Amino acid sequence: MGITPATLRALVKLIPPKIGPRSSPPKTTVEPENQVLMALDYWRNHLTYRDVANLWNLGEATVAKLIREVKTHIANSSQFRVATPTEMKANPGQPIITLLSE
């Protein structure tokens with residue numbers, strides 16, 4: 001998978017526990033570690049929102065929102081380095097996300 005348990009734990013701490021539509025119930029609740037894993041599926045396997053929605057049995061809009069949320073939290077954190085698409089293409093085996101304190 002290319003991501004260590006320490007990195008996953010650090011990522012999970014960044015993500016709010018519940019993300020759902022602000023307007024009307026029912027709210028979609030996806031555990032933080034699953035949000036991160038869903039985002040990793042999307043990035044690592046170059047899947048579409050529809051593919052991930054099918055994998056996780058969620059709507060496309062929900063998946064899109066969760067992945068954007070994870071990406072925003074990672075981008076706003078100085079704890080992580082995210083591999084660029086060029087780096088990933090050049091070296092497919094490298095970790096997508098690296099915890100800088102590792």
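What you see below is based on every heavy atom in this structure, not just the backbone, and it leaves out hydrogens, waters and symmetry mates. Note that the numbering runs from 1 along the sequence shown for the chain. Keep in mind that what you see is a predicted model, and the values were worked out from it rather than measured.
- For Gln35 (side chain) and Ile67 (main-chain N/O), no donor-acceptor pair under 3.5 Å exists by modelled atom type.
- Using a 4.5 Å heavy-atom threshold, the side chains of Leu58 and Leu66 count as touching.
- In this structure, the salt bridge (charged side-chain N to carboxylate O under 4.0 Å, His left out) partners of Arg50, at least two apart in sequence or on a different chain, are Glu60.
- When all heavy atoms of Val63 and Ala53 are compared, the pair lying nearest together is CG2-CA, 3.6 Å.
- The closest donor-acceptor contact from the side chain of Asp51 to the backbone of Thr48 lies under 3.5 Å.
- Of the inter-residue distances, the one linking Leu11 atom CG with Glu33 atom CD reads 11.5 Å to the nearest 0.5 angstrom.
- For the atom pair Thr62 OG1 and Lys65 NZ, the distance stands at 8.0 Å (nearest 0.5 Å).
- In this structure, the side chain of Asn91 does not engage the main chain of Glu87 through any donor-acceptor pair within 3.5 Å.
- One finds the CD1 atom of Ile97 at 11.5 Å from the CZ atom of Arg81 (value rounded to the nearest 0.5 Å).
- Nearest heavy-atom pair, Pro32 versus Val12, reported as atom, atom and distance to 0.1 Å: CB-CG1, 3.6 Å.
- Atoms NZ and OH, on Lys71 and Tyr42 in that order, are 7.0 Å from each other to the nearest 0.5 Å.
- A donor-acceptor pair is defined here as one N or O able to donate and one able to accept, closer than 3.5 Å; no such pair exists between the side chain of Ser77 and the backbone of His73.
- Rounding to the nearest 0.5 angstrom, the gap separating the CG atom in Leu37 from the CG atom in Leu55 is 12.0 Å.
- The shortest distance between side-chain heavy atoms of Gln79 and Leu100 does not fall below 4.5 Å.
- Distance CZ/Phe80 to CG/Leu99: 5.0 Å, rounded to 0.5 Å.
- In terms of heavy atoms, Val36 sits closest to Val70 at N-CG2, 4.3 Å.
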